[in-house]
Every structure is written in structure tokens, then in C-alpha cells.
There are 2 protein chains.
Amino acid sequence: MRVSREKFAENRARILDVAGALFREKGFDGIGVADIMKAAGLTHGGFYGHFESKESLACEASKVLVEKARDRWQEIVDTAEGDPLEALLRHYLSRRNLQSQACVFASLTQEVSRQGARMQSAFAGGLTDLVDVLADIVVGDTPQARRANALATLSAMMGAVILARTMEDANLADEFLAATHRQLSRRAA
Amino acid sequence: MRVSREKFAENRARILDVAGALFREKGFDGIGVADIMKAAGLTHGGFYGHFESKESLACEASKVLVEKARDRWQEIVDTAEGDPLEALLRHYLSRRNLQSQACVFASLTQEVSRQGARMQSAFAGGLTDLVDVLADIVVGDTPQARRANALATLSAMMGAVILARTMEDANLADEFLAATHRQLSRRAA
DNA sequence: ATTATCTATAGATCTATAGATAATGC
DNA sequence: ATTATCTATAGATCTATAGATAATGC
């Protein structure tokens, strides 16, 4: 059942997309190659024609997710009508990020500390990209002050979503998001 | 090779202790029952005389770690010579928390979102305990303001450590800790 | 006699590979 | 002829259990 070269590329892209969603939902160890392929509408054995190993897929899928996150942040900043930081906070500190398809950092960062160097690099690089996006829109008299502010702001944003996600009580989760939102609103440029 | 009742209780405690350390280091899925027992100096099969299942062990070990964390925070607050929040920030936003034996929340929270309800409860309860500890030592005119400040402060503290842990570059990791420390120092009571 | 631990193994699951199959593209 | 996918399976790993062993404690 060979498919065309074009269809082959399509299949690869679909595997990456499906894997990104499943890894975020279940973690890297929570989903196997066979189930990822089934979700992509292919068979287990076909996987190794597309990727060298599961770890390799995890790296590539992570890179895609990390790049998408940065592009989305930049887009929100560029198209914000009012204060860009406020727009970003509204986007990030929302209930949408408490679902299974949440921010890749809010769902997978801790596992990354236990993975190989390649994956760790993808995540570390993605985080510094987000710091750069933030450094342009927070207050601060000097570039150093803005960078420090950006680092602290990113920590607070992701911490709030990560903690909110471990709360069973939706009201408590909302409290974490709201309190952090209010605190960070005062740091806009 | 039966052991005394006293030794039995000792063995159970050691399994819990060893499991707590290994779960934090490798994650719940990163270590098996056999290796935990080996690290405790016992055999694989003996495990099921002490615990019903691996999940049950994970719950009990988590409860112990969560309680220990709260007690440690409370102790630091109670014995602080200067400002208690400053003492807590110094303790938490330190390199020690970037090692494998870090804060249980900084190393395992994200996995907990994918575990059973029992474990989620243990973590959620532990986090609200830490919020209560913080609410007594942060600034705010009303109890509501102090609680909101405590929620935002906890998010920032844990976010900083979690992000610092994913950085390969030690200098970048330190930057996250230092920037967050400086930002939060202004919220003391 | 009771019971904590040990040895051995069943049963499930997961990654990766080998070889067959069938459609593409020179 | 080449190659993308499929079927089938090897090999490793992990949880949990069954039955044997040997020390405790009534």
C-alpha cells in the first residue's frame, strides 16, 4: 500500500501534529508509538520509515510546539489593540490553558529535565525566546532591568498556570490565575 | 527470612523514604517497583506485603513529601531572624532546588495532573497549605489582599524554580532565580 | 502457628526490526 | 525498480502474584 511522495510528507506532518497533542495531554511516557500511529490513521510498523526512534519524534514534535508558542506570543504582541502585555496575560492566564491542549511549557517542562540533551535544548531555547518577547513590552529604565522584569514575569505566568492545573477545584485554579494577572498588570511598559 | 514487627515498620518507612527520593529524581514513571525495593535493600516480591500497588506507594510517598515541605516552610518562617518572607525566598530560590532532590512541587506537579484523584488531592492540599503559610507573611491591607498576594507569590516562586530547572545553562538558571527573588522581596509584610 | 521476605514467573505493554505487500515514478 | 506501508514478532521491561522459606511471637 505505498503512497505518493506528497502523501508521505503529509503523513509525516500528521504524525508530528498528533504526537504533539498526545504528548501534551499524556506526557512523553504516557503514550506509545503504536497509539500515536493509530491516532494518525497509520500502523505501528510504518512509524520507523518516518522517524528514527520515539525519542527523535519527541524532539521534533517539541520543536514544532515550542516554535508555535513563540510565534503565537509574537502575533499577540504585534496585533494587540491596547497594552501588549495585558493582551498576553489575558491570553495566557486563561482557562483554555488548564485544558489538556495547554501551553507546551505548562504541560511538559518538568519531564524535559529528565529527557536527553536535544530535547532540553529545544525547551531552553524556546523559553529564552519568550523572555525576549516579554523584554520588549515590560517596564524598566534599562535593558537589564527590562530583562530581569521579563524573567520574573515569565516565571510568574507559567507558575500560575502550572499550579492552577494541579488544582481539582476550578475556583482555586481561577484564583491563582486572577491573582497573578492582577500582580503582573502593574509591570506593563 | 522473616523479620521482627519493629523491623517490618522500619522497612516500610525506608521504602517510603527511598521512593520519595527516586520519584522526585526520575518521575513516577521513571522508576519501577523492583529498583525501588533494591534501593531499599529488599527484594521485588516483598513489596506487596507493604503496599497494595505502585500507585498506592506513590500516593503515600507524595503525602509524606508534601507534609515535609509545609513543615519546613513553617519552621523557616518561625525561626527567621529578619523578615520571614525574605528567609523563605532565600531558602526556596536557591541552587539546592535545582538538584535532583528538589521541592516535590517543582519536580512532580505536572505529572500529578495525569495521575489519579487521590494523588491530585494530596498535591492540591499541600499547595493550599503553602498559600496559608505565605498569607501570614506578605503585605496587604485586608486578608483577601494578603491571600491574593500569597497566591501570586507562590506562583512566581515555583515558576522560577521550574523554569530554572529546564535551563542547561547554569547562569540563565541563576538569572531566573535572582530576578524573581528581587521582584518578590518588595512584597514582604 | 503466624507472617515477613524471597525466588520464580505469569501476563501485559512497549520499542524496534524483519520480511512481505502493493502502489509510485523513472 | 524503488519505496511507503503493513503484518508479525523478537526482546526488553514492568506490575503483580503464587508458592516456598525461615524467623518471630504467642
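Every chain is numbered from 1 and lettered A, B, ... according to where its sequence line falls, protein lines coming before strand lines. What you see is a predicted model; the values in this text were computed from it and never measured.
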(message) Testing the basics here: between D29(B) and K54(B), what is the closest heavy-atom pair and its distance to 0.1 Å?
(response) CA-NZ, 4.4 Å

Tell me the interatomic distance from [X], atom [atom1], to [N], atom [atom2], rounded to whole angstroms.
X: R12(A); N: dT3(D); atom1: CZ; atom2: P; answer: 17 Å
X: K7(B); N: dA4(C); atom1: NZ; atom2: P; answer: 15 Å
X: F51(B); N: dT17(D); atom1: CZ; atom2: P; answer: 15 Å
X: K26(B); N: dT13(D); atom1: NZ; atom2: P; answer: 14 Å
X: D29(A); N: dC14(C); atom1: CG; atom2: C1'; answer: 11 Å
X: L57(B); N: dT15(D); atom1: CG; atom2: C1'; answer: 13 Å
X: K54(B); N: dT13(C); atom1: NZ; atom2: C1'; answer: 13 Å
X: N11(B); N: dT24(D); atom1: CG; atom2: C1'; answer: 14 Å

(message) Can you work out whether E6(B) or G30(B) has the more 5'-proximal nearest nucleotide on DNA chain D?
(response) G30(B)

(request) Classify the side chain of R2(B) versus the base of dT21(D) as yes if they form a donor-acceptor pair under 3.5 Å and no if they do not. (result) no

Distance-only side-chain donor-acceptor flag, [X] / [Y], under 3.5 Å:
X: S185(A); Y: E86(A); result: yes
X: N149(A); Y: T153(A); result: yes
X: S107(B); Y: Q110(A); result: no
X: R90(B); Y: H181(B); result: no

(request) First locate atom CG of L177(A), then atom CG of L172(A), and finally report the distance between them rounded to the nearest 0.5 Å. (result) 11.0 Å

(message) Please determine whether a side-chain nitrogen of the Lys or Arg among K68(B) and E75(B) lies less than 4.0 Å from a carboxylate oxygen of the Asp or Glu.
(response) no

(request) Would you mind checking if R147(A) and E175(B) are paired as a salt bridge, meaning a charged N to carboxylate O distance below 4.0 Å? (result) yes

(message) The side chain of S53(A) is closest to which nucleotide in this list: dA16(C), dT5(C), dG25(D)?
(response) dA16(C)

(request) Residues of residues 32-49 of chain A with any non-hydrogen atom less than 4.0 angstrom from an atom of DNA chain D: list those, numerically ordered, please. (result) L42(A), T43(A), G45(A), G46(A)

(request) Would you write the dot-bracket representation of DNA chain D, where each base gets (, ), [, ], | or . depending on whether it forms a Watson-Crick or G-U pair under 3.5 Å and with which partner? (result) ||||||||||||||||||||||||..

(message) Treating R14(A) as the side-chain partner and A40(A) as the backbone partner, does any N or O pair qualify as donor plus acceptor under 3.5 Å?
(response) yes

